[in-house]
Amino acid sequence: MDSGDTSKYFQSTCKRLAESFFNTSCEALAKNLLGKVLARRLNDGCIIKGRIVETESYLGGEDAASQSYGNKVTPRNEPMFMSPGTAYVYFTYGMYHCFNISSQGEGAAVLLRALEPLENLERMTELRKRYRKSPKTTLKTKDLCNGPAKLCISLAIDIETCNRQNLISWDGMWLEDDGQDDLCKTIVAAPRIGINCEKKWQNKLLRFYIHDNPYVSKIEKAKMEFMQLP
DNA sequence: GTAGTGATTGCCT
DNA sequence: GGCAATCACTACG
C-alpha cells in the first residue's frame with residue numbers, strides 16, 4: 001500500500017497509539033504496553049501482529065542495569081535518549097537483537113520481552129526457521145515470540161531498518177489498542193532477566209508480565225508480586 | 001520437563 | 001580484551 005492508503009488504513013481500522021501514550025514514565029509505559037498490539041509491516045506489505053505480554057523497564061541514570069547508566073550517551077544507546085516512542089534496537093550476544101521503546105526520562109526505555117502471536121504466524125515461523133540449524137524442528141505458536149530476541153526474528157526487527165524509527169509516525173512499525181486488553185489487568189512484577197549488576201538494581205521488580213499468560217518467556221516460581229491495573 | 005553449554009561479533013574500556 | 005537486557009541444542013530423568 002502507498003502512503004495515502006497507509007494513512008487511510010490507520011484512520012479507518014486502527015487505533016494507533018499516539019505520542020501521549022509513550023510520553024510517560026518508563027515503569028508506567030512498561031505496564032501500559034501489556035495487552036497492546038505491536039504491528040510490523042514488511043517490505044512486501046505483509047503485516048505481522050502480536051500482543052505484548054511481557055516487558056522490562058530500564059530507567060537510565062541511576063539504574064545500574066541500564067545501558068544508559070550514569071546518563072552515558074554512546075553511539076549505540078543514543079535512541080534511548082530520543083523522544084518518547086523511538087525504537088531502540090541493539091545487537092547482543094554476537095547474534096541476536098533486542099527491541100526497546102524509549103519513554104519519558106533521560107535514557108529510559110522499555111524492553112519488549114514476549115508477544116502473543118496474532119497475525120501472519122506462517123511468516124513468523126518462516127523467519128524463525130531460517131535462524132535454526134535443523135529447520136525440521138517444529139515450532140509451537142507459543143515459542144515464536146517468547147523472548148526478546150525471538151520476537152525480533154519473528155517480526156524481522158533489525159538495526160538497519162528499525163533502529164531510531166519513530167513508532168508514532170513510521171509506517172514500518174506501530175502500536176495499536178484493539179480494545180481487548182481489559183482481559184489483561186492482573187500483572188506480575190518480577191526481577192529483570194539476564195542482568196548482572198549491583199543487587200539493589202538486580203532485585204528491583206522492573207519486569208512486568210500478564211498473569212497466567214502462556215506466551216510469557218519465563219514464569220516466576222516465587223517472589224511474585226501482583227498488581228491490578230485500573 | 002530442566003540443566004548445562006557453545007555459538008558469535010560489535011561495542012566500550 | 002572482555003563481555004553482553006539470548007537462544008538452541010544436547011543430555012538426562
Side-chain angles (χ1 to χ4, degrees), chain A residues 26-27 29-31 33-34 38 50 52-81 86-103 105 107-115 117 124-164 188-209 214-222:
Chain A
C26 193
E27 288 188 60
L29 180 60
K31 294 172 197 168
L33 279 168
L34 294 176
L38 176 66
I52 299 169
V53 299
E54 180 182 353
T55 58
E56 280 180 2
S57 283
Y58 288 86
L59 309 183
E62 57 172 2
D63 182 357
S66 178
Q67 290 176 13
S68 51
Y69 181 42
N71 289 312
K72 177 185 55 183
V73 187
T74 69
R76 182 167 77 147
N77 74 10
E78 200 180 12
M80 296 182 85
F81 294 85
T86 301
Y88 171 41
V89 184
Y90 68 86
F91 188 66
T92 190
Y93 290 106
M95 57 179 107
Y96 296 116
H97 295 284
C98 289
F99 170 48
N100 302 252
I101 301 173
S102 73
S103 66
V110 176
L111 169 72
L112 267 55
R113 286 199 53 93
L115 307 176
M124 295 189 195
T125 308
E126 180 197 319
L127 287 160
R128 283 292 307 290
K129 284 193 171 177
R130 275 200 250 162
Y131 260 73
R132 302 191 146 200
K133 275 185 187 173
S134 342
K136 289 180 181 174
T137 357
T138 55
L139 266 169
K140 294 174 189 166
T141 299
K142 73 170 187 61
D143 293 321
L144 285 174
C145 301
N146 60 343
K150 292 179 190 175
L151 72 88
C152 284
I153 301 170
S154 286
L155 273 67
I157 296 172
D158 56 38
I159 294 176
E160 198 172 89
T161 55
C162 302
N163 195 31
R164 296 169 162 268
V188 182
R192 292 171 290 184
I193 290 180
I195 58 172
N196 194 5
C197 64
E198 48 181 290
K199 283 197 174 161
K200 174 188 167 190
W201 285 98
Q202 203 163 314
N203 294 335
K204 281 199 187 277
L205 306 179
L206 291 173
R207 171 174 173 247
F208 307 102
Y209 59 88
Y215 301 96
V216 166
S217 70
K218 191 182 172 189
I219 308 293
E220 289 296 298
K221 289 173 183 165

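Reminder, nothing fancy here: chain letters follow the sequence lines and each chain counts from 1. Only heavy atoms go into these numbers, but all of them, side chains included; no hydrogens, no water, no symmetry mates.
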- Query: What pair of heavy atoms forms the shortest contact from A/A156 to A/T161, and how long is it?
  - Reply: O-OG1, 4.4 Å
- Message: Strictly under 4.0 angstrom, non-hydrogen atoms only: write out the protein contact profile of nucleotides 1-12 of chain B, one letter per nucleotide from the 5' end, B, S or -.
- Response: ------BBBSSS
- Query: Minimum heavy-atom separation for A/T141 to A/P117, with atom names?
  - Reply: O-CG, 3.6 Å
- Task: Would you check, one step at a time, whether the test side-chain contact (heavy atoms from CB on, under 4.5 Å) holds for A/R113 with A/Y209?
- Result: CA-CA 9 Å; A/R113 286 199 53 93; A/Y209 59 88; over 6 Å; no
- Task: Answer yes or no: does a side-chain N or O of A/K218 lie under 4.0 Å from OP1 or OP2 of C/dT6?
- Result: no
- Item | Between P of C/dC7 and CZ of A/R130, the distance in whole Å | 19 Å
- What stems, by residue range, does DNA chain B take part in, given at least 3 consecutive Watson-Crick or G-U pairs under 3.5 Å? B:1-7 with C:6-12, B:9-12 with C:1-4
- Query: Rounded to the nearest 0.5 Å, how far does CD of A/E198 lie from CG of A/D63?
  - Reply: 9.0 Å
- Message: Rounding to an integer number of Å, can you tell me how far A/I157 CD1 sits from C/dA5 C1'?
- Response: 15 Å
- Item | Distance-only donor-acceptor check, side chains A/N146 and A/K150, under 3.5 Å | yes
- Item | Side-chain ion pair, A/E78 and A/R164, N-O less than 4.0 Å | yes
- Base, sugar-phosphate, or nothing: which does A/N196 touch, judged by heavy atoms less than 4.0 Å apart? nothing
- Item | Any A/K218 side-chain heavy atom under 4.5 Å of A/R207 side chain | yes
- Query: At under 4.0 Å between heavy atoms, what does A/L111 touch on the DNA or RNA strands: base, sugar-phosphate, or nothing?
  - Reply: base
- Message: Between C1' on C/dA5 and NE2 on A/H97, what's the gap in Å once rounded to a whole number?
- Response: 14 Å
- Item | Side-chain N,O (A/R128) to OP1/OP2 (C/dC7) below 4.0 Å | no
- Message: For the CG atom of A/D143 and the CZ atom of A/R128, what is their distance to the nearest 0.5 Å?
- Response: 7.5 Å
- Task: Find the distance A/Q67:CD to C/dC3:P and express it as a whole number of Å.
- Result: 16 Å
- Distance col, row A/M80:CE vs A/I101:CD1, nearest 0.5 angstrom, shows 12.0 Å
- Query: Quick one: A/K150 NZ to C/dC9 P, roughly how many Å, whole number?
  - Reply: 11 Å
- Item | Spacing between A/Y131 atom OH and C/dT6 atom P, to the nearest angstrom | 15 Å
- Item | d(CG, A/L151; C1', C/dC7) in whole Å | 13 Å
- Query: Rounded to the Å, how far apart are A/Y90 OH and C/dC3 P?
  - Reply: 17 Å
